[in-house]
Structure formats: C-alpha cells, structure tokens
Amino acid sequence: KFSSLPEDIFKNNSNLLELDLASNSIQNLSSKTFEPLKELNILDLSSSGYQSLPEDLLKHNSNLQEIYLYDNELKAIPENFFADKRYLRDVHLNGNMLTKLPSSLSGCKRLNKLWAYENKITEIPEGLTNLRHLCNIDLSNNLISKVPEKFWVQISTNVKNHGDTESKLDISNNLISDIPFEKMAKAGSKKFVKIDVSRNLLRSDIDDKYKQVLESAGIVLSNESKNCYQPQKTVIDAKATAAKGKIVLTQDLDMVEAGIWITTEGVNETPLFLTKEDFRNFFDNTLKVKYNIRTENRNRAAAEVLDAQ
C-alpha cells in the first residue's frame with residue numbers, strides 16, 4: 001500500500017487512460033500529482049480512508065469520464081471539485097459521510113450515473129435539474145427531505161430520451177414526504193428499469209386509485225419482485241400521550257415489524273402488502289402460525305419471528 005507518491009511520478013505517462021489507486025491512503029495528493037495525465041479517463045481512489053480532498057485535485061484532468069470515491073471517510077467534497085468536467089459520466093460517492101453534494105456537479109452536462117447512497121445528504125441540489133443525461137441515480141440510505149419538484153420531472157424526461165437497461169432511480173430510506181408521481185408519469189418515468197421509493201414518509205396505504213398513479217409512474221407493485229414502494233416509515237404512526245403521570249407510546253407497527261415487512265415481501269409465495277392491515281393479517285395468520293408463536297405482545301412476537309427466520 002502507498003502512503004505517498006513522488007510529485008513527478010506520472011511525468012512520463014501523459015497518455016495514461018486509467019489509474020487505479022484504490023485501497024491506499026496517499027496523504028500528499030495535490031493538483032500536481034495528476035497534472036501530467038491530460039488524457040486520463042478513469043480514476044479510482046476508493047476505499048482509501050480519505051477524510052478530505054484538495055479542491056484543485058482534478059484541475060488538469062478535463063477528459064475524466066469516471067471517478068470512484070466510494071468507501072472513504074469524506075465529510076465534504078469541495079464545491080468546485082468537478083468544475084470543467086464536461087466528459088464526466090460516472091460519479092461514485094457512496095459509503096462516505098457527505099451531508100451535501102457539490103454544486104460543481106451541475107456543470108457535468110454528460111453525467112449519467114450518480115451513486116451517493118449511504119451518506120448523510122439532506123437535500124438534492126437545484127443544479128441537478130440542469131442535467132439532461134442523468135438516468136442512473138442511487139441516493140438511498142441518506143437523510144434527504146428536500147427535493148426540487150423539477151428534479152423528479154427532469155430525470156423522468158432524461159430516462160425517456162436517453163434511458164438504457166441500467167437506468168434506475170433509488171431514493172429509498174430517506175425522509176421524503178411528497179413525490180409528484182403523476183408529473184413523473186407524464187414526463188416518461190416508466191422507462192426506468194427500477195424506481196425504489198420505499199422507506200420514506202409517503203402515504204402508507206395504497207387504494208386502487210393511488211395504485212394506478214404509482215404504476216403509471218413505473219413503481220413496481222408485485223409479489224414477484226421487491227416492493228419498491230412499501231413499507232413507508234409512516235406505517236409506524238407513533239403517538240405519545242400522557243396518562244396518569246406517564247407517557248404512553250402507541251404505534252401502528254413498530255420498527256421490528258416494519259423490518260420483517262421488508263425482508264418477507266418479494267418472495268413469490270408471499271402476498272403483496274398494500275396496507276398496514278394486509279401485513280398485520282399476514283403476520284398474525286401466517287407468520288405466527290408458521291413459527292408457532294403464541295404471545296399476544298406484538299413486540300415480542302416480532303422478535304420471535306426474526307429469531308425463527
């Protein structure tokens with residue numbers, strides 16, 4: 001493993017197209033490190049423990065097409081880090097500790113793939129609505145609550161015009177409370193191979209009318225594959241009330257039951273759960289019977305189901 005690189009290590013490699021420095025921890029990276037690499041297309045700095053990167057690191061690499069920064073310890077990407085990267089197509093930022101995406105991404109007009117899942121991102125920047133080729137997006141497992149409405153429409157238009165067999169939108173396990181599914185449908189979102197919006201703060205029960213809206217937008221509601229809508233975090237619907245000097249917490253489903261919902265559904269012989277009641281009935285009449293669980297305490301029963309599985 002390298003901990004440092006001579007500043008002129010690449011001076012005789014001006015035609016290098018791919019550079020893999022993954023699983024190292026090079027402490028002296030600077031814009032001069034990669035300056036000779038004018039033709040560099042692919043750079044891999046993943047799994048290297050980086051906590052920060054110089055803003056001008058890629059200053060001289062205008063032909064970069066793919067960059068891999070996943071599984072580091074980055075808390076921030078400098079705002080101008082991706083400036084003047086007109087050929088950049090793939091950006092992998094997943095598995096860091098980012099709270100926001102850098103504004104310079106909005107200038108990457110050919111960006112097609114943006115993976116930034118498993119971070120702490122709280123909003124999708126307005127600038128991403130300027131990207132006309134962005135069709136492969138994974139922002140799951142973040143803290144996103146703020147999304148420009150135009151974003152949903154633009155990425156739906158993108159996939160209609162430029163989508164392929166890898167086009168997907170995974171925004172699952174965030175804090176999103178509203179998505180304009182009807183506008184997405186009109187713009188072409190059904191061209192996505194997969195859309196996953198599960199485990200957000202959207203409405204928890206699906207009636208026939210809402211089911212039609214979801215399916216028109218391309219949300220899969222089938223027991224032949226993973227349910228890409230349910231469960232929502234709103235199924236828990238926790239309420240705290242005061243009674244006789246004590247705080248009493250009541251909830252429709254607890255987190256353990258919601259976890260069972262996620263892991264149980266998607267098997268061919270398992271029914272599709274469109275409402276909390278669908279899951280409750282399955283839990284009480286199938287899972288508890290299957291594992292011979294007799295307790296009426298829902299928390300204890302859920303724990304016993306998990307143990308049995």
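Just so it is clear, the structure is predicted and the values come from calculations on it, not from any experiment. Positions are given from 1 along the sequence.
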Please list all pairs passing the ring-ring contact (aromatic ring centres under 6.0 Å, His included) test where one or both residues lie in residues 138-176, with sequence neighbours left out.
His133-His162

Contact list for residues 25-76, test ring-ring contact (aromatic ring centres under 6.0 Å, His included), sequence neighbours left out
Tyr68-His92

Mind listing the side-chain donor-acceptor pairs of residues 179-192 below 3.5 Å, one per line with the distance, residues two or more places apart or on another chain?
from, atom 1, to, atom 2, distance (Å)
Lys183, NZ, Glu149, OE2, 2.5
Ser189, OG, Met184, O, 3.2
Ser189, OG, Ala217, O, 2.6

Return the set of residues passing side chain to side chain donor-acceptor pair (under 3.5 Å) with [X] (not counting sequence neighbours), or none when no residue passes.
| X | value |
| --- | --- |
| Asn292 | Arg294 |
| Glu123 | none |
| Thr157 | none |
| Arg86 | none |

Taking side chain to side chain contact (heavy atoms under 4.5 Å, CB included) as the test, write out the residues that go with [X], two or more places apart.
| X | value |
| --- | --- |
| Asp138 | Trp115, Tyr117, Ser140, Lys168, Asp170 |
| Lys32 | Glu7, Ser30, Glu35 |
| Glu118 | Asn141 |

Looking at CG of Leu114 and CG of Leu131, how far apart are the two atoms once the value is rounded to the nearest 0.5 Å?
8.5 Å

Run through the side-chain heavy atoms of Ile, Leu, Val, Met, Phe, Trp and Tyr, join any pair under 4.5 Å, and report what else lands in Val193's cluster.
none

Residues in ring-ring contact (aromatic ring centres under 6.0 Å, His included) contact with Tyr210, at least two apart in sequence or another chain
Tyr229

Answer yes or no: does atom CG of Asp208 have more than 12 heavy-atom neighbours from other residues, nucleotides or ligands under 6.0 Å?
no

Would you say Asp84 has more than 12 foreign heavy atoms packed within less than 6.0 Å of its CG?
no

